[in-house]
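The block underneath contains the structure these notes are about, expressed in structure tokens.
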Amino acid sequence: MSVVNLPLKDEPVDGRVLPLDAAEARMFRRPSEWRIFWEAFSRDHLAVGAAALIGLVCLISALAPALSPYDPTVGDNALRLAPVGTPGHLLGLDGQGRDILSRLIWGGQVSIIIALLPVTVASLISVLLGLVAGFFGGKVDMVIMRTLDVFFAFPAVLLAVAIAGVLGPGMLNVMLSLTIVLIPYISRVAYMATVTVKSELFVDQARVSGARPSQILFHHILPNTLSPVIVYGSTLVGILIVLGAGLSFLGLGITPPRPDWGIMCSDGRNFLSVAPHVSAVPGIMLILVAMSFNIVGDGLRDALDPKLRR
Amino acid sequence: MPLLEVRDLVKHFPVRRGLWASGPPAAVRAVDGISFDIRSGETVGLVGESGCGKTTTGRMIMKLITPTSGDIRFEGKSIGGIPFEEERAYRRQVQMVFQDPYSSLNPRMTVGSIIGYPMRIQNVYPGPARDARIRELLELVGLSRYQASWYPHEFSGGERQRVGIAAALALNPKFIFCDEPVSSLDVSAQAQILNLLKDIRREFNLTILIVTHNLSVVEYLSDRVVVMYLGKIVEVANTADLYRETLHPYSRALVSAIPTPDPDVEREREQIILRGEIPSPLDPPSGCRFHTRCQAYIGDVCRDVEPELREVRPGHFTACHLYSGHTAAPAAPAASRPAGQLV
Amino acid sequence: MSPAVSDALLEVDDLHTHFHLKNKTVRAVNGVSFAIKRGEIVGIAGESGAGKSVACLSILRLVPSPGRIERGRILFAGEDLLTKSDRQMRDLRGQTVSMVFEDPLNSLDPAYTVGSLIGEALTLHKGLSKREARKKAGELLRLVGIPDPERRLDNYAHELSGGMQQRVMIAIALSCDPALLIADNPTTALDVTIQIQILDLVKQLRDRLGMGVLWITHDLGVVAKLCDRVVIMYAGEVMEQGRVYDVLKHPRHPYTRRLIDALPKLGRPDQRLMPIEGRPPDPANLPAGCPFAPRCHKARAECGTTEVPLVESGDGRAVRCLFPED
């Protein structure tokens, strides 16, 4: 029996080919899961670039205390609304004379965490809900998914605003509100993935081997459910960056004087005709980062699908 | 004692209906009371077309579905309602090869892990012995021991099916259920897998139940054949006897419908073209289920009375009124009615 | 457009159809030639990927882009279809040459009743009124053996069984009295007792209507049951063709021989199956010379280097092999 795609040097023995030595054995070796993922991901140059951008932004924001040129909350009245390129203030100053670059750097901390943390927490909860509902089916499925359906009835943004309105402003409340809003969406993705995987024959094979339901869930269903959730999650981070900024814009976000990109946009509302850079700069940042997350999400989707890899 | 006994096995799948539907609750009567044995070391072919219940039967034997009623006994002991540990022990002895090689292998696992998985679950062959066994199994099915770190998508359909067979052999089972093992493969891969199955069953003295709609495959592999139609068994016989003297009209139609690439055989054999469609298992015909299409319909008895499975020749059973109540059964039925008008 | 009186209904001559992808060219059909006479059932057989479906789509010029017919002639009733305009082809399709596909559920629009589906071709091509079309549709359903045809006209495709759906497909294909019917694997998904009904139906229709039939399949048994002549394809080329009896009983090409040897034969369970070593070649990367040479047990050096011609030996028999069996 010949083996696929390999140069055969030996005479067949009983119809099977036995390679000569370790050199041949090395020919068969396959790279590890991470390597395969990285090779596939790196083929998408755009995604790599987007990921690099995100990494850079996160790094700079994380190092805000060290990197920020000025105190973001202190304003210099004399230089109010100075434009981009003002000496000493690369991105200009806002309505209260505060350095925009500094506020941008500090603001990144808030804007990104407000997006990342809710997605992460919601994902954990949703994967659990989706797995349980999808795997056990029947009444459990009905109870969980129908309850989540109630939340679907409300447009996400409206729901976020409503919850934030009830809870009041503040970073924690914003994140709580966003987490709650996300759970139905991610759960549905996890649920669909679970239901699809459950009907695959390899799950039957696991049952035939004697695996317990918990083993089947962890060994087979969870790994195949994680990829769609990860891909969807990265897109959601992008959306949440904008949604979080939106909440801040409406005054339902973090409390001043801490900056975040949403509040920065809001601050510049009154100066749009004379000093558009006050809103434009954080706005552009929001677009760039949100889009980057989307692009990374696409790249992840292609890289995580084992069939698309080669 | 037979290795596996199936007794009065029934499986009805309830069908959900709207709130305002009337009448008794509907059910798909997939398997409607069948009994047969499988002896140790033999290969039994379970054949039939859509809706006959063969796959459902196999899945009940594998404990993937629970029967509505009836019993399945392995080595004399019932497998129904047993505690988890006993079920686990049962599964060590009874394994399965699946129909679709593209769905039966987890795309995220290497084939080595896939083959090793049953051993991992059952906690047998620990440590390096497991690796050694995985490589041994790979070679046994005609792949290379060094391909253990490859992923399923790197193999062709036939090769993936080999991986599936290797995984089925991992626990050294006594019994393997093959569910349409070659239906999704092309001609050459099909031949390779059939040969492989023939070789390993001899080497490991396996008992095999093969479910398929392809009678030539069944003839190639099986010692005995069970023919099913709409949830019931219509004929049971040794392979040679079945093809030599096919008793039940449905079996005869089935055999005559199998395409074979030999024009002489095509020319010489009888051509039975049944009338109509296969009825739905939701509402099977009364009496003999085959009576609506039967080319040898005798009369009201076929419509009203369900025939029993009787031994008409030594070791050859059939459920048909042509043979009921006769110990010395007639030879092949008189000239069949001409194939129904199609045009 | 009525076909000329000559015997040859369709003549495919040196057809080449390639798919031009971003970084490679998939050569699906490489020099296929065959002919069909009126009233003849010709089977095109081969494993998956041999190019059978692409060849037939080429005849109707329905090859999806990025596929293109590179070379060849397709003579239908003496006229080369490759020189016809799009409009002329549209008139041809469904009317003079019609096609039946593999999966009826995918090919029948679920939004329309059976009556509308059949009627569409009639009103479109023959200009019948809706009432006339419905009447003709009922007759067609009876023709293809569907019981209670008047009621079936109001059914939707998914309400019918697989066998019935396939009959509806055939009814649609026959609605405009085509001279040629092309069928791509229409019975693979059906149970055998239903398949044999359809095969019998096709033979009866051929007898009654005198049309030519081109039947694609990978099952040589179906070829033996249904076809008068067969064309064996591999890697986009014709390996052997001729009368079914001759080709299946006395195959001359090693590939045909190996195909037959790999099948379990009814009545001979002890004969060990002989699988064919290796895999079919990648159509984007075809080897030089005979495409079957890498897997052929009789191959010699010349087989991998020379272009092997299709040699005719009279009576429609032809083999593409340097060392054909006898």
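The basis for the numbers below is simple: all heavy atoms, side chains too, and nothing from hydrogens, waters or symmetry mates. The sequence lines fix the lettering, A, B, ..., with proteins before strands; numbering per chain opens at 1.
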Inset, instruction - Considering only heavy atoms, give the residues of residues 46-56 of chain B separated from chain C by less than 4.5 Å, sorted numerically, with 'none' for an empty result. - result: B/Glu49, B/Ser50

Inset, instruction - Give a yes or no on whether the backbone of C/Leu273 and the side-chain of B/Asn195 come within a donor-acceptor separation of less than 3.5 Å. - result: yes

Inset, instruction - Starting at CG of C/Asp219, measure out to CG of B/Asn214 and round the result to the nearest 0.5 Å. - result: 8.5 Å

Inset, instruction - Select one option (side chain, backbone, both, neither) describing which atoms of C/Val222 are under 4.5 Å from chain B's heavy atoms. - result: both

Legend entry - chain B-proximal positions within residues 234-246 of chain C [heavy-atom distance under 4.5 Å]: C/Val244, C/Tyr245

Legend entry - Pairing of B/Asp186 and C/Arg279 as salt bridge, 4.0 angstrom limit: no

Inset, instruction - First locate atom CG of B/Asp262, then atom CG of C/Leu248, and finally report the distance between them rounded to the nearest 0.5 Å. - result: 8.0 Å

Inset, instruction - Measure the CG-CD1 distance between C/Asp200 and B/Ile273 for me, rounded to the nearest 0.5 Å. - result: 3.0 Å

Legend entry - Verdict with supporting geometry, B/Arg269 and C/Leu266, side chain to side chain contact (heavy atoms under 4.5 Å, CB included): CA-CA 11 Å; B/Arg269 65 178 176 172; C/Leu266 213 50; 3.1 Å; yes

Legend entry - Neighbours of chain B found in residues 255-265 of chain C - heavy atoms under 4.5 Å: C/Leu259, C/Ala262, C/Leu263, C/Pro264, C/Lys265

Inset, instruction - Just give me the residue among B/Leu254, B/Asp264, B/Val255, B/Val218 that pairs up with chain C most often, heavy atom to heavy atom, under 4.5 Å. - result: B/Asp264

Legend entry - Close contacts, residues 149-156 of chain C versus chain B, judged by heavy atoms under 4.5 Å: none

Inset, instruction - Determine the option with the most heavy-atom pairs under 4.5 angstrom with chain B, choosing from C/Pro147, C/Pro275, C/Gly162, C/Ser161. - result: C/Pro275

Legend entry - From CD1 (B/Ile278) to OG1 (C/Thr193), nearest 0.5 Å: 4.5 Å

Inset, instruction - Heavy atoms only: give me the nearest B/Arg275-C/Gln197 pair and the separation to one decimal. - result: C-NE2, 3.6 Å

Inset, instruction - Check each atom of C/Gln195 against the heavy atoms of chain B and say whether the ones under 4.5 Å are side chain, backbone, both or neither. - result: side chain

Inset, instruction - Output the distance between atom NZ (B/Lys198) and atom CG (C/Asp270), rounded to the nearest 0.5 Å. - result: 6.0 Å

